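Take a look at the structure set out below.
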Amino acid sequence: MITKENILAIAKKTILSESEAITKLIDFLDENFYEATQRIYETKGRLIVTGIGKSAIIAQKMVATFNSTGTPSMFLHASEAIHGDLGMIQNEDIIICISKSGNSPEIKALVPLLKRFGNILIGITGNVTSFLAKGSDYVLNTTVEMEACPINLAPTNSTTAQLVMGDALAVCLMEMRDFKPEDFAVYHPGGALGKKLLLRVKDMIEHSLKPQVTPETSVKKVIFEISEKRLGVTAVIENDKIIGIITDGDIRRMLNDVDTIADLTARDIMSKNPKLVSSETMAVDALNILEDFSITQLIVADNGEYKGVLHLHDILKEGIV
């Protein structure tokens, strides 16, 4: 009978087996890895990554990683390659071929065709004496002793090793290209990740209202301004300078402390030296400021000029968190 303890034990064994398999890859890193990385970095062509079966799935993931980190890449399915798709390969392209055994029929058919074009071929294989290894210019060894699969058949440790070897290549190339967060943003303009990297405060306040009062504005009118602009806050402006802020929280606290508001002005209840950000501030940095000070609004100003109010809800609507 399979119990909860059995299931958890099997899962832990699988994870441990895969982690040990990839740890052993360190011992396989050699001159081949260095030279292959250099050639990819120096090429003016693209990186073509091919494989079949589960290796093809790993190849697709590698291509996605390479493309998003500055190495132009394309996926070529090994079986489709020998039926016409070889036409996508150009003279200066470098090819990575992934295969655990390195001896599958498709790989044996493909390797001579790839070599015929004269392109550099990098083999990622778990068999360094295989047909693929012998036909490659550089061999990246991903040998595993066994699969995590209980019958030692389903690709588990072997595909994880392939994946990690691809990640090692991608990270090395990132370092060589001095790839920065702003470079990453160019390739990830969409979704929450893209917004974290690209979205600025000015993008969120462009069409927002600008609640503001003077220091001498009556509290009654302050309440009207906050209610009308619906941002829960107003800036206090004197001689075109921001001298304070009044939030709806300030209003509630005032009402608890006084019996009448008839003689009160904005100056009497405002908080001085409000937190300011420029319109060029990254949205994610503005969010950090809001969290650090446990506040929900920030006054936006450029060189002292009042630009508007950024509300926590503006950031939440963009899906950054």
Side-chain angles (χ1 to χ4, degrees), residues 61 64-65 67-70 174 179-215 217 219-238 240-257 261 266-267 269-321:
K61 189 276 178 186
T65 300
N67 278 327
S68 67
T69 54
M174 287 178 70
F179 201 81
K180 293 181 169 57
E182 51 266 34
D183 300 314
F184 197 78
V186 171
Y187 300 106
H188 295 77
L193 179 57
K195 289 180 179 180
K196 283 184 179 181
L197 295 168
L198 294 173
L199 193 67
R200 297 182 185 274
V201 168
K202 65 181 180 182
D203 301 318
M204 292 181 288
I205 67 164
E206 185 177 2
H207 302 295
S208 68
L209 300 173
K210 293 171 57 177
Q212 62 184 81
V213 296
T214 70
T217 301
V219 166
K220 182 177 179 180
K221 290 184 177 179
V222 169
I223 294 173
F224 285 154
E225 180 71 0
I226 292 176
S227 298
E228 182 182 0
K229 301 298 172 60
R230 299 194 298 179
L231 289 171
V233 65
T234 182
V236 183
I237 309 293
E238 184 176 42
D240 296 325
K241 292 183 179 180
I242 302 165
I243 64 168
I245 186 174
I246 301 173
T247 67
D248 49 10
D250 294 324
I251 298 295
R252 287 193 297 271
R253 285 185 289 272
M254 175 205 64
L255 293 174
N256 285 331
D257 294 338
I261 64 172
R267 190 187 301 275
I269 65 172
M270 71 181 187
S271 299
K272 297 180 180 179
N273 302 316
K275 296 290 180 295
L276 305 177
V277 293
S278 77
S279 62
E280 292 295 329
T281 301
M282 301 302 297
V284 68
D285 293 331
L287 175 61
N288 291 335
I289 294 172
L290 291 170
E291 291 178 338
D292 289 344
F293 291 96
S294 298
I295 55 179
T296 56
Q297 303 104 337
L298 284 168
I299 298 295
V300 183
D302 291 337
N303 298 318
E305 182 184 352
Y306 179 43
K307 293 294 185 180
V309 174
L310 176 68
H311 197 287
L312 175 62
H313 292 162
D314 298 323
I315 298 176
L316 296 179
K317 280 194 302 183
E318 294 295 340
I320 290 179
V321 292

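The structure presented is a predicted model; accordingly, all values stated were derived computationally and were not measured. When a residue number appears, it is its place in the shown sequence, counting from 1.
To the nearest 0.5 angstrom, T234 atom OG1 is 7.5 Å from I299 atom CD1. One finds the CG atom of D248 at 14.0 Å from the CZ atom of R230 (value rounded to the nearest 0.5 Å). In this structure, the separation between CG on L316 and CG on L290 is 9.0 Å, given to the nearest 0.5 Å. Within the model, atoms NZ of K275 and CD of Q297 stand 13.0 Å from one another, a figure rounded to the nearest 0.5 Å. In this structure, CE on M270 lies 12.0 Å from CD1 on I242, to the nearest 0.5 angstrom. For the atom pair CG of D250 and CD1 of I226, the computed distance is 7.5 Å after rounding to the nearest 0.5 Å.
Put simply, the residue from T217, V236, V219 that forms a side-chain contact (heavy atoms from CB on, under 4.5 Å) with I246 is V236. Considering V300, D240, I237 as possible partners of Y306, the one that fulfils the side-chain contact (heavy atoms from CB on, under 4.5 Å) test is I237.
Contact between S271 and P274 at its shortest, heavy atoms only, is O-CD, 4.2 Å. Closest heavy-atom contact between K210 and K229: O-NZ, 3.8 Å. Minimum heavy-atom separation, L209 to E228: CD1-O, 4.5 Å. Taking all atoms of both residues into account, the shortest heavy-atom contact from I315 to L310 is CD1-CD2, 4.0 Å. Closest non-hydrogen pair, R200 versus M282, comes out as NH1-SD, 3.2 Å.
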Item to check | Stepwise side-chain contact (heavy atoms from CB on, under 4.5 Å) test for T247 and R253 | outcome: CA-CA 10 Å; T247 67; R253 285 185 289 272; 4.2 Å; yes
Checklist entry - Could you go step by step and tell me if V201 and L298 meet the side-chain contact (heavy atoms from CB on, under 4.5 Å) rule? => result CA-CA 10 Å; V201 168; L298 284 168; over 6 Å; no
Next on the checklist: Please determine whether side-chain contact (heavy atoms from CB on, under 4.5 Å) holds for the pair I289 and D292, giving the CA-CA distance in whole Å, both sets of side-chain angles, and the decisive distance to 0.1 Å.
Outcome noted: CA-CA 5 Å; I289 294 172; D292 289 344; 5.5 Å; no
Item to check | Worked check of side-chain contact (heavy atoms from CB on, under 4.5 Å) between L312 and L287 | outcome: CA-CA 7 Å; L312 175 62; L287 175 61; 3.7 Å; yes
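For D203, the side chain to side chain donor-acceptor pair (under 3.5 Å) test picks out no residue, with sequence neighbours left out. Every residue two or more places apart in sequence or in another chain was checked for a side chain to side chain donor-acceptor pair (under 3.5 Å) with S227, and none qualifies. Taking Q212 as the reference, nothing meets the side chain to side chain donor-acceptor pair (under 3.5 Å) condition, with sequence neighbours excluded.
Under a cut-off of 6.0 angstrom, the local environment of CG in N256 is crowded, with over 12 non-hydrogen atoms contributed by other residues, nucleotides or ligands. At most 12 heavy atoms of other shown residues, nucleotides or ligands fall within 6.0 angstrom of atom NZ in K221.
In terms of modelled atom types and a separation under 3.5 Å, the side chain of D314 and the main chain of I205 share no donor-acceptor contact.
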